[in-house]
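Structure record follows, encoded as structure tokens.
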Amino acid sequence: AGSNFDDRRPYAFTLEDAYVGWSSGDLFPSLGKDAIDLSIGSQPYQAGSGFLFQDGGNDGGKRGGFWLGLRRAFRMAAIARLKTGPLLVEAMYLTPNEIDATGTKVGGVNAEYSFGERATLGGGYWNIFASDDERRDGLNVFDLRGEVHPLASLPGLGFDGEIVKELNGSKNNSWGGYVGVSYDFGKDVRFEPFVSYRYVSFQGDSGVGDNRAFDPLFYGFNDWNEWYLGEIVGEYVATNRNLDVHVLRLRANPIDSVTTQLFYLYFHLDNFPNTIAPRPPTSERVALIG
């Protein structure tokens, strides 16, 4: 019946954050308190910074709340989590809460390891083993990410990055990822300035052979331009595919209750669609002119 995204009279209800869970408490003292956590139901799930998995619910249309982003929970999320010391390991089954359900079902594993406050490394593998979306059905997703603060003498200096490979035969063969550097001057400096630069790239479809358009999956919102790149472009115009974006950010807190931010974003298409017929060879052009 269509997606109803133009429906200006929302009428649909959805379930949000309704799940049951169990934590191990002190049952396994050698692993730590609540080292094992099991949950199932309608709940949020986030991997890393939310570059791939964070927002499992659609808004807008018959549901309303498009700009507010009210829904983030997956319609069904079964999560088994082990957190012991610096190690986090997760296994999950996810079904998104879509306006027009595509029968998408995801299974995967995710792991992170923290080296104190100096570095965190993580990675995951997910398989979309069922979906009415032909490009997603059978999609394999490989993810590697990390964050590091390399110098004890400059604790505010940080580097982060993530790279994702998507494979699904001839339906999808694409890359996406980002690299960034930031410096947080901290509370000892007036206005607590923070500056960062990030380069983000999502592959587009070359139009030849395999489809190489990156599938952004279920990315979410933590702060402006992560991962909705641009308030207008990121929310209304473009999704995270076929884009190369440079993001420069300056943040300051003139007083405790006020945060100001200045962004510069430069957008570039990874692949330009070939909408203009190619020019004929010189000899043919001469003949046509003659």
Side-chain angles (χ1 to χ4, degrees), residues 31-32 35 37 44-55 79 81-92 108-126 141-166 174-189 191-203 214 216-230 234 240 243-253 259 261-266 270:
L31 296 177
D37 184 271
Y45 172 72
Q46 178 172 340
S49 66
F51 184 71
L52 293 174
F53 291 91
Q54 184 176 1
D55 190 346
I79 305 169
R81 182 176 289 118
L82 170 65
K83 179 68 172 71
T84 175
L87 177 65
L88 169 67
V89 180
E90 300 171 321
M92 76 292 299
V109 292
N110 178 60
E112 292 183 0
Y113 192 90
S114 297
F115 300 85
E117 297 182 355
R118 298 289 296 276
T120 300
L121 297 178
Y125 166 75
W126 294 271
V141 182
F142 303 87
D143 173 59
L144 183 64
R145 60 187 182 271
E147 180 180 357
V148 60
H149 298 269
L151 301 176
S153 58
L154 293 174
L157 178 64
F159 299 89
D160 65 338
E162 186 163 0
I163 187 167
V164 178
K165 178 65 177 179
E166 297 183 339
S174 60
W175 292 92
Y178 65 90
V179 291
V181 59
S182 63
Y183 195 88
D184 189 343
F185 289 84
K187 295 183 179 298
D188 295 334
V189 178
F191 297 156
E192 303 173 20
F194 172 89
V195 61
S196 67
Y197 165 77
R198 174 173 282 162
Y199 172 70
V200 190
S201 181
F202 305 100
Q203 194 168 11
F214 184 79
L217 297 178
F218 310 103
Y219 64 95
F221 179 93
N222 293 311
D223 196 355
W224 291 114
N225 302 305
E226 187 190 16
W227 291 104
Y228 287 82
L229 299 170
N240 290 347
L243 281 178
D244 297 323
V245 189
H246 299 269
V247 185
L248 184 63
R249 171 181 179 179
L250 175 63
R251 185 185 70 209
N253 298 328
T259 298
Q261 299 197 81
L262 177 66
F263 291 94
Y264 171 80
L265 294 96
Y266 178 83
D270 179 68

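Below, each value reflects all heavy atoms present in this structure, side chains not excepted, and no hydrogens, waters or symmetry copies.
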Enter the distance from [X]:[atom1] to [Y]:[atom2] here, rounded to the nearest 0.5 Å.
X      : Y      : atom1 : atom2 : answer
Lys165 : Phe214 : NZ    : CZ    : 10.5 Å
Glu226 : Phe221 : CD    : CZ    : 9.5 Å
Asn240 : Leu217 : CG    : CG    : 10.5 Å
Tyr199 : Tyr178 : OH    : OH    : 15.0 Å

If every non-hydrogen atom of Val164 is compared with every non-hydrogen atom of Leu52, which pair is closest and at what distance?
-> CG2-CD1, 3.7 Å
Could you walk me through whether Arg251 and Glu192 pass salt bridge (charged side-chain N to carboxylate O under 4.0 Å, His left out), step by step?
-> CA-CA 8 Å; Arg251 185 185 70 209; Glu192 303 173 20; over 6 Å; no
Give a yes or no answer on whether the side chain of [X] reaches the backbone of [Y] with a donor-acceptor pair at less than 3.5 Å.
X      : Y      : value
His149 : Leu157 : yes
Asp270 : Ser201 : no
Arg198 : Val181 : no
Lys83  : Gly85  : yes
Gln203 : Trp175 : yes

What do you reckon, are the aromatic ring centroids of [X] and [Y] less than 6.0 Å apart?
X      : Y      : value
Phe142 : Tyr125 : yes
Tyr264 : Tyr266 : no
Tyr113 : Phe115 : yes

For the residue pair Asn110 and Trp126, establish whether any side-chain heavy-atom pair is separated by less than 4.5 Å.
->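 A side-chain contact under 4.5 Å exists here.
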Answer whether the closest heavy-atom distance between the side chains of Arg145 and Phe51 falls below 4.5 Å.
->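 Side chain of Arg145 against side chain of Phe51, heavy atoms only: no contact under 4.5 Å found.
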For the residue pair Phe53 and Phe218, categorise the inter-ring angle as parallel (less than 30°), tilted (30 to 60°) or perpendicular (more than 60°).
-> tilted
Between Asn225 and Gln261, do the side chains contain an N or O donor and an N or O acceptor separated by less than 3.5 Å?
-> no
